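Accompanying notes for the structure given below.
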4 protein chains.
Amino acid sequence: MILSLDLDSEVPIYLQIRDRIVEAIASGELAEGSSLPSTRQLAVDLGINFHTVNKAYDLLRQEGLLRINRKSGALVQRDARTGPPEPGFTDEWETRLRTLLAEAVAHGVDHPAVLGSCAAVLTSFTPTAPTAQGADHGAEQGDSAS
Amino acid sequence: MILSLDLDSEVPIYLQIRDRIVEAIASGELAEGSSLPSTRQLAVDLGINFHTVNKAYDLLRQEGLLRINRKSGALVQRDARTGPPEPGFTDEWETRLRTLLAEAVAHGVDHPAVLGSCAAVLTSFTPTAPTAQGADHGAEQGDSAS
Amino acid sequence: MILSLDLDSEVPIYLQIRDRIVEAIASGELAEGSSLPSTRQLAVDLGINFHTVNKAYDLLRQEGLLRINRKSGALVQRDARTGPPEPGFTDEWETRLRTLLAEAVAHGVDHPAVLGSCAAVLTSFTPTAPTAQGADHGAEQGDSAS
Amino acid sequence: MILSLDLDSEVPIYLQIRDRIVEAIASGELAEGSSLPSTRQLAVDLGINFHTVNKAYDLLRQEGLLRINRKSGALVQRDARTGPPEPGFTDEWETRLRTLLAEAVAHGVDHPAVLGSCAAVLTSFTPTAPTAQGADHGAEQGDSAS
DNA sequence: GTGGTCTAGACCACA
DNA sequence: GTGGTCTAGACCACC
């Protein structure tokens with residue numbers, strides 16, 4: 001559980017931690033029930049204050065992705081396969097998606113390229129069985145562009 | 001040039017202004033060369049401090065989307081048709097895209113649904129089918145450009 | 001003596017145990033003189049550390065609801081019928097009641113609805129209508145006492 | 001806006017602040033749209049650290065009772081007359097109500113007395129027009145006890 | 001002016 | 001050992 005942080009970024013550290021964990025959950029690297037390092041431990045590993053880690057964990061808890069336990073620390077609460085999102089999540093999320101995609105389009109990335117980037121990111125979340133291991137029939141994305 | 005702002009949002013006002021303008025550019029509503037209202041005018045229209053508008057315009061200038069002349073005010077500097085993005089844009093943008101898509105996946109939105117949302121957003125930007133390409137019945141905006 | 005605990009709750013486990021026992025006493029399920037399982041036994045049943053059970057029992061003892069003998073274990077010390085509360089109890093309790101009811105009112109529950117909830121909770125405690133008083137068809141528990 | 005705190009209480013300070021504000025909202029002392037003192041100001045007034053006030057305000061924000069604004073500070077977001085609570089609120093609240101009422105019953109307070117306390121608390125939330133001032137037709141609660 | 005972030009260190013509650 | 005609370009002071013972002 002080592003996260004790479006950029007202490008000079010304008011993105012707050014606690015948000016970087018949160019983002020990396022969200023991505024790890026999306027990619028399946030952290031499955032439901034997985035345990036995360038304790039706040040103090042992770043703070044030491046990252047060379048930051050434990051309050052900062054605390055804030056990241058608390059944010060993830062509020063988002064429903066983590067559950068915090070006095071005994072066993074932080075556990076991953078949900079997962080890609082836990083079920084559909086809570087109502088209200090999608091609307092707010094699509095607003096942010098719209099802004100982000102608009103940014104690329106305004107900068108001259110054409111629609112198929114944008115959609116290709118989205119598809120590429122999504123495939124990067126599925127292991128796609130690097131070894132001969134069963135290759136779980138993933139959706140075929142990427143050819144809907146163009 | 002009427003923007004809808006949410007003064008109670010956790011998103012800073014200057015960022016909301018910037019976001020709305022970026023979306024207007026992406027949708028073709030604001031084409032290259034279009035002029036924006038003066039900072040003071042827009043500030044009055046929105047009922048906010050003109051420094052806030054100034055900050056939004058300056059951010060857009062830094063991003064290469066606006067150019068600001070002392071005499072002609074703010075003009076849209078670039079466009080979906082202007083050409084490919086500056087080098088360095090895409091990498092940073094894809095990092096943010098990755099985080100945003102991860103959020104949806106972690107909350108249980110499956111990959112096809114995510115890709116569908118991306119496609120839906122893009123079609124909502126489509127400026128009335130500039131090329132003969134199928135022109136999926138989107139809203140018809142954008143004929144004020146050129 | 002089976003208690004349902006939520007190990008992931010933000011309510012400490014020892015408090016959950018205490019709460020469930022208080023509710024059992026209020027409903028008449030545990031009458032004065034009833035014996036509770038030993039701390040070690042209950043700890044095993046619940047799959048938790050016996051110190052946690054100990055802490056719950058000790059808290060109940062401090063509150064005057066339990067008395068603990070070295071030989072006969074934990075016995076219910078008092079009851080709804082035992083008599084009026086110790087002086088000082090009511091003031092502190094009403095302070096907490098005030099806060100709790102305020103929460104509902106602030107969230108838009110109107111006064112009659114709040115009072116209705118209070119009444120409903122009380123009838124759920126009713127030990128099979130001890131006096132002739134209307135006896136609104138509640139669940140029938142509590143005949144194991146005396 | 002002066003709150004009375006007990007620094008020696010085992011109830012965390014930030015929770016005491018939150019409780020007092022909830023009660024003020026319930027009693028109508030703080031109506032929707034009312035502004036609260038800034039975190040730093042209130043911290044100075046109470047002689048505590050501003051982070052503690054911050055935590056109380058943030059908790060109220062999460063509960064939907066406050067909205068925080070960089071410009072105008074904290075404003076009361078909702079009210080007794082704003083509308084019904086969000087779904088899910090009542091269930092969790094009734095669980096806590098059950099525990100609290102059980103405590104009184106177990107200590108020997110009889111049901112009518114408990115209900116009377118509830119009614120008394122509720123009437124304390126309605127001003128009941130202490131001066132001749134219009135006496136806004138409030139709900140008639142309190143006589144349903146006994 | 002406002003709130004937000006980060007650091008640092010102390011002490012306590014829980015299991 | 002875990003997380004939770006409180007304090008203290010610094011710096012930054014927003015308006």
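Since we're looking at a predicted model, the values are computed, not measured. Below, chain A is the first sequence line, B the second, and so on; all start at residue 1.
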Point to revise | Any C:Ile21 side-chain heavy atom under 4.5 Å of C:Val76 side chain | key: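 SC-SC contact between C:Ile21 and C:Val76 ruled out.
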
Check your understanding: Can you tell if the side chain of C:Leu7 reaches within under 4.5 Å of the side chain of C:Ile13, non-hydrogen atoms only?
Key -> yes

Practice item. Pull out every residue in residues 58-68 of chain D that has a heavy atom closer than 4.0 Å to any atom of DNA chain F, ordered by number, or say none. Key: none

If only atom types and distance count, is the side chain of [X] paired as donor or acceptor with the main-chain N or O of [Y] below 3.5 Å?
{"X": "C:Gln16", "Y": "C:Val11", "value": "yes"}
{"X": "C:Arg40", "Y": "C:Phe50", "value": "no"}
{"X": "C:Asn69", "Y": "C:Lys71", "value": "no"}
{"X": "C:Arg78", "Y": "C:Ile25", "value": "no"}

Point to revise | Residue list, side chain to side chain contact (heavy atoms under 4.5 Å, CB included) with A:Leu59, at least two apart or on another chain | key: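 For A:Leu59, the residues satisfying side chain to side chain contact (heavy atoms under 4.5 Å, CB included) (neighbours in sequence not counted) are A:Tyr14, A:Leu15, A:Arg18, A:Glu63.
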
Review point. Side chain to side chain contact (heavy atoms under 4.5 Å, CB included) with D:Thr95: which residues, sequence neighbours excluded?
Key: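 D:Thr95 satisfies side chain to side chain contact (heavy atoms under 4.5 Å, CB included) with no other residue.
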
Review point. Going 5' to 3' on DNA chain F, which nucleotide is the first and which the last to come under 4.0 Å of a heavy atom in chain B?
Key: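 Using the under 4.0 Å cut-off, the span is F:dC14 to F:dC15.
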
Review point. Between D:Ile48 and B:Tyr14, which has a closest nucleotide on DNA chain F that is more 5'?
Key: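 Its nearest nucleotide lies further toward 5', so the answer is D:Ile48.
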
Point to revise | 5'-most by nearest nucleotide on DNA chain F - A:Asn69 or A:His51 | key: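 Mapping each residue to its closest nucleotide by heavy atoms, the 5'-most match is A:Asn69.
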
Practice item. Look at C:Lys55 and E:dC14 and indicate whether a side-chain polar atom (N or O) is within less than 4.0 Å of OP1 or OP2. Key: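 Indeed, a polar side-chain atom of C:Lys55 lies that close.
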
Practice item. Treat a base pair as Watson-Crick or G-U wobble with both distances under 3.5 Å, then lay out DNA chain E in dot-bracket form, 5' to 3', with | for cross-strand pairs. Key: ||||||||||||||.

Check your understanding: By side chain to side chain donor-acceptor pair (under 3.5 Å), which residues pair with D:Ser9, not counting sequence neighbours?
Key -> none

Check your understanding: Taking for each residue the nucleotide of DNA chain E bearing the nearest heavy atom, is the 5' side occupied by D:Ala74 or by A:Ile13?
Key -> D:Ala74

Point to revise | DNA chain E: 5'-proximal contact among A:Pro12 and A:Lys71 (nearest heavy atom) | key: A:Pro12

Point to revise | Ionic contact status for B:Arg61 with B:Asp58, cut-off 4.0 Å | key: yes

Exercise for review: Check every strand shown and say whether A:Asn49 touches a base, only sugar-phosphate, or nothing at a heavy-atom separation below 4.0 Å.
Suggested key: base

Review point. With sugar-phosphate meaning primed atoms plus P, OP1 and OP2, does D:Phe50 contact a base, only sugar-phosphate, or nothing at under 4.0 Å between heavy atoms?
Key: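 Since a base atom lies under 4.0 Å of D:Phe50, the category is base.
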
Practice item. Of all the heavy-atom pairs spanning B:Leu46 and B:Leu3, show the shortest one and how long it is. Key: CD2-O, 3.6 Å

Check your understanding: Within this structure, what is the CG-to-P distance between D:Asp8 and E:dC12, rounded to whole angstrom?
Key ->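 It is 13 Å, rounded to the nearest whole Å.
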
